[in-house]
Amino acid sequence: MMLRVVFLILFLFFYSRQAQAAVDPYKVLGVDKSASQRDIQKAFHKLSLQYHPDKNKNKGAQEKFAEINNAYEILSDEEKRKNYDLYGDEKGNPGFNGGNFGNEGQTYFTTGGPGSSYFTSNTGGWQTTGGKGNAKTFSFSFGGNSDVSGNPFGFGFGDLFSNFFGSDIKSGNQHDGFTSSSPGGPNSQTSPANIQDVNLQFFNKQIKDQGMTWVLLFYTPSAKGYHILESIVEDVISSLSGGIKAGKVDCNKQSLCKDLGVSLSKSARLFIYSYKSSERGSLVEYSGNLEERSLKSFCLDHLPRFSRRIELDQFDFSSDSLGNLPKLLLLSTKKDTPVMWRVISGLYRKRFLFYDAEVHDVSHPALRSLGIKKLPSVVGQLVDGEINVLKQGITVKDLKSGIEDLKALIESFEKKNTKATLNKAKKPVDNEQGRNIPLVTALNFDNLCGDNNALCIIGVFRSSKAREKLETILSEISRKTLVRRPNHARTSKDSISYSMLDGNKQSSILYAFDKSGFKTSDALLVAYKPKKGKFATLTDILTLEAVEKFVSSVLSGDVQFSKIRQHPVIR
């Protein structure tokens, strides 16, 4: 009777092993034989999440999970995959139905919570390892030392009995994590092409405070959850290509883990190099669900936030002169700052000031004055105050190409700004204000010449020569003690503003003062009192002495003012 039981066990054992060997790993993962490593990894990631024991407690799902792991172990290793394609066996043994029944490994899984799920394949017997709460991990080995001399199947009967009945259990290599009994297993793979190996030098030069958000995977080859995390990261950075980058740090080899204060026990850890809370980047650990959607949302939340959200009706380009940098304004219909603009603001945060505004109507006065007819649009202001519409009606096919297009647009504008900076250096600068006289636009007209201003001095020009001359004169006049400085809160009755106006582009304003819009004048000075609706002009040859005398006379009440024809508007 005992002999029959033994033979029955052997029959069932051989049958199950033969059936297992007959399983096509390509079919298990649902990929073609020509599939790339990327395709294989994506398929494994999708299926392992679907059949993971944490989500599926039934026996069938657990068996399917083990099958998926075995298939991935074969196809993710080039040598094993090559052997399977040639011989039907990953170890290159063209024997009994393509299978090898020698020193096979084991498969085990855990029912722990998030972050504790893993499998391994190595030699050994029944094992129970700790998990979170009451979670346990079990494994079983059909292996042992092969006895090729007296056993055509490559295993010892003594090992079989010892494994079944618990005596003289052989100890094998046991690891916590996604490991393999052979050096060519999944852990020996090189990183996906777009997950960069990171060391201290690379981190300091390419990541630290560079304005780009990074996903950083800290691991050891035996770390629990390493390959699942790597697969999820690969999916996320593929979907956000151009917006974030990814790297991984082997804590067995790199001191960077210790330098950054990242310690590992048994599990791999995932961090985002974030700009959410400050201009300087910092590491923030991801502890959410191990799935693409959750990690993607987390990454988006930690993109740079260097673009200031503004209300278009209240915005004045000239009001923010921090660092004397050129400025960029995105006009879009988006309720929140678009992802592309957040990425760009991080990359160029030290070279530009960024703004964005929500606008839905192209008939808005500010858009009409700039000639903007389509959204979204990008507007830029040079350091000399000149405003340019860089692009309107922007369309992109994906995040990466959109960011590249914006980078090309901005860098072209930066070259133009460099020329403006050189020209500005040749002109007298208002040291008290730290900037030149602002140029009147639809965005800042109310701030410069609105009802809160008692007096608005406007230098009107129609040529570059006239502009340079007027700006030099007004910069000098605004510093003289005979003129009281404007109150920044603009509540004083004596509040005065100085500005420049391009008579060719903003002639509609001039029609409020003169029926002809002063078309015959290349340069003139307008003194405008917004509250009283009155104005006076100086159209003689403009010199420093003449302008100084005119402004002094205006302040002392010795100049005759006339009623404006209509309220100044910008079209």
Side-chain angles (χ1 to χ4, degrees), residues 38 41-42 44-46 48-49 52 54-55 72 76 110 112-119 131-132 175-179 186-187 189-200 202-203 206-208 210 212-241 243-277 281-304 343 346:
R38 171 65 181 145
Q41 189 180 54
K42 288 182 68 175
F44 165 70
H45 171 53
K46 181 179 179 180
S48 63
L49 290 179
H52 198 283
D54 284 349
K55 296 182 178 180
Y72 179 70
S76 63
T110 178
S116 64
S117 304
Y118 59 95
F119 72 90
K132 294 184 179 180
H175 302 281
D176 294 311
F178 290 87
T179 63
N187 283 324
Q189 291 189 124
T190 56
S191 301
N194 48 356
I195 298 184
Q196 175 72 45
D197 286 314
V198 176
N199 56 28
L200 180 60
F202 184 91
F203 179 83
Q206 303 294 329
I207 299 177
K208 187 177 181 180
Q210 295 302 306
M212 171 64 76
T213 299
W214 279 74
V215 182
L216 295 175
L217 175 59
F218 292 83
Y219 74 103
T220 61
S222 62
K224 186 190 305 181
Y226 163 46
H227 277 290
I228 280 188
L229 281 175
E230 186 181 50
S231 178
I232 296 172
V233 169
E234 176 75 5
D235 289 341
V236 170
I237 63 174
S238 294
S239 65
L240 295 177
S241 179
I244 63 172
K245 293 184 179 181
K248 63 179 211 172
V249 186
D250 186 345
C251 292
N252 278 351
K253 298 179 179 180
Q254 302 298 337
S255 64
L256 183 59
C257 301
K258 183 178 180 180
D259 295 336
L260 296 177
V262 177
S263 60
L264 298 182
S265 53
K266 294 183 178 181
S267 301
R269 298 174 68 183
L270 200 60
F271 287 80
I272 308 298
Y273 193 74
S274 167
Y275 293 90
K276 180 178 180 178
S277 58
S282 60
L283 285 177
V284 179
E285 185 166 13
Y286 175 72
S287 58
N289 295 330
L290 298 183
E291 58 180 3
E292 179 183 350
R293 181 182 299 178
S294 296
L295 179 57
K296 182 177 180 179
S297 176
F298 190 77
C299 291
L300 290 173
D301 189 43
H302 285 271
L303 288 176
V343 173

Sub-4.5 Å side-chain heavy-atom contact between L217 and I195
no
List the residues meeting salt bridge (charged side-chain N to carboxylate O under 4.0 Å, His left out) with R38, not counting sequence neighbours, and say none if there are none.
E234, D235
Would you check, one step at a time, whether the test side chain to side chain contact (heavy atoms under 4.5 Å, CB included) holds for D197 with K248?
CA-CA 5 Å; D197 286 314; K248 63 179 211 172; 3.3 Å; yes
Looking only at heavy atoms, which two atoms of G243 and L303 are closest? And how far apart?
O-CD2, 3.8 Å
Applying side-chain contact (heavy atoms from CB on, under 4.5 Å), can you list everything that pairs with Q210, at least two apart in sequence or on another chain?
none
If I take atom CD from residue Q206 and atom NZ from residue K245, how far apart are they, to the nearest 0.5 angstrom?
7.0 Å
Considering all heavy atoms of both residues, which atom of A268 and which atom of A223 are nearest to each other, and what is their separation?
N-CB, 3.7 Å
NZ (K224) and CG (L264) are apart, to the nearest 0.5 Å, by 12.0 Å
Who passes side-chain contact (heavy atoms from CB on, under 4.5 Å) against K276, sequence neighbours left out?
S274, D301, H302, R305
Can you name the side-chain contact (heavy atoms from CB on, under 4.5 Å) partners of C257, sequence neighbours left out?
F218, V249, C251
Once you round to the nearest 0.5 Å, how far does CG of L283 lie from CG of L270?
10.5 Å
With sequence neighbours left out, write down each residue that passes side chain to side chain donor-acceptor pair (under 3.5 Å) with S294, or none if nothing qualifies.
E291
For Y219 and Y226, take the angle between the two ring planes, folded into 0 to 90°, and tell me which bin it lands in: parallel under 30, tilted 30 to 60, perpendicular over 60.
parallel
Using 0.5 Å steps for rounding, measure from the OH atom of Y286 to the CD1 atom of I232.
7.0 Å
Residues forming a side chain to side chain donor-acceptor pair (under 3.5 Å) with D250, sequence neighbours excluded
none
Could you list the residues that satisfy side chain to side chain donor-acceptor pair (under 3.5 Å) with E285, not counting sequence neighbours?
R269
Check side-chain contact (heavy atoms from CB on, under 4.5 Å) between K296 and all other residues, then give those that pass, not counting sequence neighbours.
V236, S239, L240, L300
Quick check for you: to the nearest 0.5 Å, what is the distance between I272 atom CD1 and L216 atom CG?
7.5 Å
Go through the structure and list residues passing ring-ring contact (aromatic ring centres under 6.0 Å, His included) with Y273, not counting sequence neighbours.
F203, Y275
Value rounded to 0.5 Å, distance of OG in S231 from NZ in K46
12.5 Å
